[in-house]
Amino acid sequence: MLFRSELSAVSSRVLEMGGLVESQVARAISAMTGFDGELADQVLRDEQRVNRFEVDIDRELSGIIALRQPTARDLRLLISISRIIANLERAGDEAARTARVVKRLLDVGIAARLRLPVNDLQFEAEMAVDLLRKALDSFARLDALGALEVIKQDRQIDSEFEGLLRKLITYMMEDPRTITSCIDLVFVAKAVERIGDHAKNLAEAVIYVVKGTDVRHSPVAAVEDVVG
């Protein structure tokens with residue numbers, strides 16, 4: 001009974017960390033689209049909290065594994081939690097990277113000329129935030145079908161990134177004065193695309209818990225076969 005309580009507690013901590021990362025990413029994008037330096041500062045402060053979450057949950061996992069020696073699905077859950085918090089921490093890093101770009105653009109005073117590509121970036125970012133939210137929900141419910149949908153939708157973010165990259169290249173050709181800052185936006189767009197990848201990794205961990213099959217690096221059709 002105590003072991004069940006420990007598993008529930010550590011899972012709740014993961015969801016708490018996930019909620020923080022989700023809001024951190026959303027704030028980073030709001031800071032980018034609104035060129036809001038205060039929001040960017042808050043994102044950077046949140047980075048420290050996310051890092052503490054990862055270290056604390058890792059410590060809890062080590063203690064549970066050492067004391068309880070779990071097997072089967074319980075062991076898969078703990079292994080997956082370790083993967084999930086690592087991906088959440090990296091998603092938080094991408095949010096912090098975006099916040100640093102905002103600060104740099106504000107410092108050089110280029111913000112006003114970047115309204116168009118930044119607005120185009122917002123759609124991709126909103127998709128990534130939504131995907132992260134769905135991945136966390138699939139973990140909360142241990143819902144393999146929901147996790148499968150996250151994996152499928154990650155392709156849409158990849159497509160949006162490619163389209164946005166083409167737009168930014170066109171924008172730089174039309175206004176060479178903004179080349180340096182547009183390159184910054186390319187890195188932000190790539191950061192957003194990676195957040196989608198981290199959401200996908202979370203979903204793969206959920207499927208591992210539920211189905212007992214490691215679907216990392218597997219084509220979608222193979223994952224569909226596993227989930228059934």
Side-chain angles (χ1 to χ4, degrees), residues 1-28 43-97 128-151 153-154 194-218 222-223 225-228:
M1 195 69 178
L2 180 59
F3 181 40
R4 293 288 114 198
S5 176
E6 290 171 342
L7 287 179
S8 177
V10 75
S11 295
S12 295
R13 291 273 287 162
V14 172
L15 292 173
E16 188 180 355
M17 178 184 181
L20 175 60
V21 172
E22 182 185 326
S23 64
Q24 185 189 23
V25 171
R27 279 195 290 267
V43 171
L44 295 173
R45 288 193 297 270
D46 285 344
E47 183 181 24
Q48 299 174 9
R49 294 178 59 199
V50 170
N51 292 342
R52 284 198 299 271
F53 261 114
E54 183 188 25
V55 171
D56 291 346
I57 294 173
D58 245 341
R59 187 184 300 116
E60 291 177 41
L61 292 176
S62 297
I64 292 172
I65 291 172
L67 291 172
R68 306 300 178 190
Q69 298 183 340
T71 59
R73 179 164 166 154
D74 292 335
L75 180 58
R76 294 201 305 271
L77 174 61
L78 294 173
I79 291 171
S80 293
I81 286 175
S82 180
R83 294 175 183 172
I84 287 169
I85 61 173
N87 277 279
L88 286 173
E89 190 274 335
R90 291 178 194 129
D93 285 346
E94 301 298 348
R97 186 171 291 112
V129 172
D130 183 60
L131 208 62
L132 183 58
R133 184 181 301 115
K134 288 178 178 177
L136 289 167
D137 186 61
S138 72
F139 171 72
R141 301 170 183 271
L142 290 180
D143 176 9
L145 285 174
L148 175 60
E149 287 305 309
V150 170
I151 292 170
Q153 290 175 24
D154 178 57
R194 287 191 187 115
I195 289 168
D197 288 343
H198 293 312
K200 176 187 173 185
N201 293 343
L202 263 68
E204 290 171 345
V206 171
I207 292 172
Y208 175 63
V209 175
V210 177
K211 297 296 183 178
T213 301
D214 192 339
V215 297
R216 289 177 295 177
H217 314 300
S218 300
V223 181
D225 289 342
V226 169
V227 174

Could you grab the distance from atom [atom1] of [X] to atom [atom2] of [Y], nearest 0.5 Å is fine?
{"X": "Ser12", "Y": "Ile57", "atom1": "OG", "atom2": "CD1", "result": "10.0 Å"}
{"X": "Leu131", "Y": "Asp197", "atom1": "CG", "atom2": "CG", "result": "9.5 Å"}
{"X": "Asp137", "Y": "Glu149", "atom1": "CG", "atom2": "CD", "result": "12.5 Å"}
{"X": "Thr213", "Y": "Ile207", "atom1": "OG1", "atom2": "CD1", "result": "9.5 Å"}
{"X": "Ile81", "Y": "Met17", "atom1": "CD1", "atom2": "CE", "result": "11.5 Å"}
{"X": "Glu16", "Y": "Leu136", "atom1": "CD", "atom2": "CG", "result": "12.5 Å"}

Are [X] and [Y] ion-paired here, with the side-chain N under 4.0 Å from a carboxylate O?
{"X": "Asp130", "Y": "Lys134", "answer": "yes"}
{"X": "Glu204", "Y": "Arg216", "answer": "no"}
{"X": "Asp56", "Y": "Arg59", "answer": "yes"}
{"X": "Asp74", "Y": "Arg68", "answer": "no"}

State, yes or no, whether a side-chain contact exists between [X] and [Y] at a heavy-atom distance under 4.5 Å.
{"X": "Leu202", "Y": "Ser138", "value": "no"}
{"X": "Asp143", "Y": "Val206", "value": "no"}
{"X": "Val50", "Y": "Leu88", "value": "no"}

Checklist entry - Taking atom CZ of Arg49 as the centre, does the number of heavy atoms from other residues, nucleotides or ligands within less than 6.0 Å exceed 12? => result no
What is the minimum heavy-atom distance between [X] and [Y], and which atoms define it?
{"X": "Val21", "Y": "Gly92", "result": "CG1-N, 3.9 Å"}
{"X": "Arg76", "Y": "Val209", "result": "NH2-O, 2.9 Å"}
{"X": "Ala135", "Y": "Val150", "result": "N-CG2, 3.7 Å"}
{"X": "Ile195", "Y": "Ala128", "result": "CG2-CB, 4.1 Å"}
{"X": "Pro70", "Y": "Leu78", "result": "CG-CD1, 3.4 Å"}
{"X": "Phe139", "Y": "Ser11", "result": "CE2-O, 3.8 Å"}

Next on the checklist: Let's go through Glu89 and Ile85 carefully: what are the C-alpha distance in whole Å and the side-chain angles of both, what is the deciding distance for side chain to side chain contact (heavy atoms under 4.5 Å, CB included) to 0.1 Å, and is it a yes or a no?
Outcome noted: CA-CA 6 Å; Glu89 190 274 335; Ile85 61 173; over 6 Å; no
Hey, does the side chain of [X] reach the backbone of [Y] with a donor-acceptor pair shorter than 3.5 angstrom?
{"X": "Ser62", "Y": "Asp58", "value": "yes"}
{"X": "Gln24", "Y": "Val43", "value": "yes"}
{"X": "Arg13", "Y": "Phe53", "value": "no"}

